[in-house]
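Note sheet for the following structure.
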Protein chains: 4
Amino acid sequence: MRARTFTESGRRAQIVRAAIEVIAEAGYAKASFSRIAKQAGLSSTGMISYHFAGKDDLLAACVAEIELVTGAFMQPRIDAAVGHVAQLRAYVEANVALVGEHPAEVQALIDLVKNAGSRSDAVNGRLALFEEHFRTGQAAGVFGAFDARTAALSLTAGLDAVVATAAAAVPGPTELARVGRELADLYVRATAPESAGGSA
Amino acid sequence: MRARTFTESGRRAQIVRAAIEVIAEAGYAKASFSRIAKQAGLSSTGMISYHFAGKDDLLAACVAEIELVTGAFMQPRIDAAVGHVAQLRAYVEANVALVGEHPAEVQALIDLVKNAGSRSDAVNGRLALFEEHFRTGQAAGVFGAFDARTAALSLTAGLDAVVATAAAAVPGPTELARVGRELADLYVRATAPESAGGSA
Amino acid sequence: MRARTFTESGRRAQIVRAAIEVIAEAGYAKASFSRIAKQAGLSSTGMISYHFAGKDDLLAACVAEIELVTGAFMQPRIDAAVGHVAQLRAYVEANVALVGEHPAEVQALIDLVKNAGSRSDAVNGRLALFEEHFRTGQAAGVFGAFDARTAALSLTAGLDAVVATAAAAVPGPTELARVGRELADLYVRATAPESAGGSA
Amino acid sequence: MRARTFTESGRRAQIVRAAIEVIAEAGYAKASFSRIAKQAGLSSTGMISYHFAGKDDLLAACVAEIELVTGAFMQPRIDAAVGHVAQLRAYVEANVALVGEHPAEVQALIDLVKNAGSRSDAVNGRLALFEEHFRTGQAAGVFGAFDARTAALSLTAGLDAVVATAAAAVPGPTELARVGRELADLYVRATAPESAGGSA
DNA sequence: AATGAATGAGATTTCATTCAT
DNA sequence: CATGAATGAAATCTCATTCAT
C-alpha cells in the first residue's frame, strides 16, 4: 500500500551504487553478481536477483542513476550557453570537467555504453540529440553542410574516448580544463561553416 | 618447400578465421572456445588449446591476421596520397571503404580493440601514429596548433565508431564512399590551420 | 542459539565426510570434486566450490576434521601414560588401535599427509612433537643418545606405514592390539639408553 | 631381424631418463606425458605412447631403471657385510649414502613407491626381503623375537622417509654419513635380542 | 524483505591416447 | 621410427538464477 520510493527501499540504491563502483574499478566484464554483492556488503547474490529482474535490469538502473548524477552536473552548464556553437562547446567542456567530479560514474558509464552497444537508449539518445543539434544549427547557418549523422557518431565517440582516458588517470583541474577546451576547439572547427575568406 | 607463415598449419588459420567470425557475429564477450570450436567444425575445445597457448594467444593471432588483411587494403591507398592532409583523408576514406571489403574483420578488430583497451599494441600503435602524423604536419605548417594527443585520441575513436556502425549494417559502395568523404572532410576541417581571413 | 563450529552448516560437514570417504576408498589422486559430489549426493560440483574456497580449502577442512576425531580418541590414552617411555608406547598403541575405530579417517589422513608433503602443518607438527619428546626424554635420561630428528622422522613414517597397512585391511581387535604392542616394543627398544649390563 | 637392446632403440632409455628427472623435480602428480616429452626434447607425446603401452608401463620402466642404478651402488656394500646385523646396517647406510650419488633417482623412486602403493613389486619385494632377513636372523639368534612383518614394514618406511628428506636438500657427505650411522644404530637397537642383563 | 543454499550450464585447461602420414 | 594433429573425457571454478525458509 505504501508508495515505492524511486530506488525502492534503499537496497536497490545500495546495489546500484556498488555495481557502479565495481564496473568503474574492475570493468564491465568482471562485474559479476558475486563481486557486486561483496562490494555492497551483501552476503548473497540472491538479494540482487530479488531486487532486479536480471542483469540487464541492474545495468539499466546503473545507467539511469549515472545519468541522473551527470545530468545534474552538465545540464546547467549547457543551458547557460547561448547559441548552437556555444552549447556544443559547453557540452564538451562540461563532459570533460565531469571527470574531475565523478570519475567512477564516468568510467562506469562509458564501459556500460561500450558493452551495451547500440541497444542502449542512453547511447541512441545522446546520438539523436547531437544529430538534431547539428541539423538545427545547420538550418540556422552556424554549422557547415556536413552529414549530421556521421558527425554526431564520430564526435560523441571521440568525446567518450577522451573522457575515458582522462578518467583512467584523472589529471588536475587545470589540465582537465585545457583538454576540454582543446577538444571543444577541435569540434567547433570541424563543424564550422566554410569561412567567407577561407582557404580554397 | 615454402616456409611456414605465422598463422599457417591449416588448423591454426582455420581457428583464427572461425574466431574472427564469431567475434564479428556474437561479440567479444560471447566468443568462447566452445563457440569458436563449433564455428570451426571442431569436436572439442581441446583442439584450440592445443594450437594456442591460451585465449590471449588466440586473440593476438586474430589481431595479427586482421591487421595483415586490412593493411594490405589500406596501405597502398595511404601511400598513394601526398602530403599530411591528403594522407589523413586517405586513411579515413580507406578505413571506411574497408568495411565494404572485409566487414567481419573490421567489426571483429574494433571489438577486440575495445576490450583489449590500452594494453593492446594495435591501439597504442595507431594512436602514436596519428599523434606523430599531426605533430610533423604541424611543424610543416599544414595543421593547426591543436593538442596532437587529444586530437589523435578523439579522431581515431570517432573513426572506429563510424566504421563499426557501417560494419553492423553494410551500406552500398556509393553510400560508403560518401560517408568516408564526409568523415574525412570533418577531420580535415578540424585539423586545418586558422585560415587567413578566418572567422572573427 | 548455539554457535557454529568449524565444519558445521550441515552441507559443509557432509561434503567433508564425503571427501574423507572418497580419499579413503579411492585415494588422494582420484578424489576429484565430481567423485566427492557424487558421494555426497550432490547434483553438481558447483556446490563444493560454493562451500569451499578451493580444493586446498576442502582438504584442509578434511585434515582438521580428522584430527578432531582422532585427537578425541588418542589424546586421553596418551595423557593417561606417565613418563616419556610410557607415553611413546601409548601414542603408538593408540594410533594403531585407532584403525579399529576410524579406519576411513586414518587411511584418508595418511594419504593426505603423504601428498601434502612437508607443506602440511599436521606433518610438521607431529614431527616436531616427537623430536621434542625425544629431546626432553634424553635430558631426563630415559632415552639414549640418538639423533632426535632422524629418529622422529623415521619412527613417525614407520608408524604411518603400519597404520596404513592395517587400515587397508582392518584385522580384528586382538590382532590390532598385538601389532600395536609389537611396534611400540620396537620403538621402545630403538630409543632405549644403553643398558648397564648390555650386550657387548 | 636385429636383436632389441635392453632399452629398445635408445629412445626408450631417453624417455625413461626424462621421466625420472621430471618426477624428481616436479613430483609424481605433475609427471604428465607433456612434461616428460618436453624434458626429453620430444615434440609430441605420441612418441611416448608409441614406445610404452601406457603410463603404468613407463613408470614400471622407470622403477626398473632406478633399481638398476641403485642396486649397482648398494649391492656391493651390502654383500661386503658379514652377518645379519652388519648387513642390516650396511643396507641402511648404503641407502642413505646413495642420496649423495643419485639424488634424482632416489627422490623419484620414493615418489613412485608412495604412489604405486602396495601394487608395486618393488615395494613388496623389498618388504619381503626385509621380513625374510629378520626371520633368518631371528632363527640365528642375532635378532630379537619381534614380529618380523611389522618391523619390516615400519623400518623400510622409516628409511624411505629419512632418505626422502635428505634427497630434498642434499647435505654434505659427512652429515649424510652421520645420519646413515644414526639410523642404522636406531634399527640395530630396535632389532637387537634382549640383552643378558636386560632392562631394569 | 531477506538469507543462504542449491542448481545446471558453461568457462578454460590438461590429460592420455590414437591415427594418418 | 617419428611426427603432429585430433579426440573426448575430466579437471576446477564461476556464473546467473531459483527456491525454501
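Numbered from 1 within each chain, the chains take letters A, B, ... in sequence-line order.
- Taking atom CD1 of residue C/I15 and atom P of nucleotide E/dA5, one finds them 10 Å apart after rounding to whole Å.
- With hydrogens and angles ignored, the 3.5 Å screen pairs a side-chain donor or acceptor of D/D111 with a backbone N or O of D/Y28.
- Between the NZ atom of A/K30 and the C1' atom of E/dA11 there is a distance of 14 Å, given to the nearest Å.
- What separates CD1 of C/I36 from P of F/dA11 is a distance of 10 Å, to the nearest Å.
- Straight-line distance from the CG atom of A/L58 to the C1' atom of F/dA16: 12 Å, rounded to whole Å.
- Put simply, CG on B/D57 is 12 Å from P on E/dT14, counting in whole angstrom units.
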Query raised in the report: Based on Watson-Crick and G-U pairs with both distances under 3.5 Å, what dot-bracket line describes DNA chain E 5' to 3', crossing pairs as [ ] and inter-strand pairs as |?
Result: .||||||||||||||||||||
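- If you find the closest nucleotide of DNA chain F to C/R35 and to B/S43, the one lying nearer the 5' end belongs to B/S43.
- Note that CZ of D/R35 is 15.0 Å distant from OG1 of D/T45, once rounded to the nearest 0.5 Å.
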Protein and nucleotides 16-20 of chain E: nitrogen or oxygen contacts under 3.5 angstrom:
| unit_1 | atom_1 | unit_2 | atom_2 | d |
| --- | --- | --- | --- | --- |
| E/dA16 | OP1 | D/K55 | NZ | 2.4 |
| E/dA16 | OP2 | D/F33 | N | 2.8 |
| E/dT17 | OP2 | D/K55 | N | 3.4 |
| E/dT17 | O4 | D/T45 | OG1 | 3.1 |

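- Rounded to whole Å, atom P of F/dT3 lies 6 Å from atom CG of D/L42.
- Put simply, B/R11 has a side-chain N or O that comes within less than 4.0 Å of OP1 or OP2 on F/dA6.
- When the C1' atom of F/dC1 is taken as reference, atom CZ of D/R12 falls 15 Å away, rounded to whole Å.
- When the side-chain contact (heavy atoms from CB on, under 4.5 Å) test is applied to B/K55, the partners found at least two apart in sequence or on another chain are B/F33, B/L59.
- Counting heavy atoms from C-beta outward, B/V63 and B/V113 have side chains that stay 4.5 Å or more apart.
- Taking the side-chain hydrogen bond (donor to acceptor under 3.5 Å, both in side chains) definition, one finds that B/E21 meets it with B/Q39, sequence neighbours left out.
- Put simply, C/H51 has a side-chain N or O that comes within less than 4.0 Å of OP1 or OP2 on E/dA6.
- Residues passing the salt bridge (charged side-chain N to carboxylate O under 4.0 Å, His left out) test with D/R126 are D/D160, sequence neighbours excluded.
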Tabulate below the donor-acceptor pairs under 3.5 Å that side-chain atoms of residues 102-109 of chain D make, not counting sequence neighbours, or state none.
none

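- Following rounding to the nearest Å, D/F52 (CZ) and F/dC1 (C1') show an atom-to-atom distance of 14 Å.
- The side-chain heavy atoms of D/N115 and C/N115, taken from C-beta on, include a pair separated by under 4.5 Å.
- A donor-acceptor contact closer than 3.5 angstrom links the side chains of C/Q14 and C/R11.
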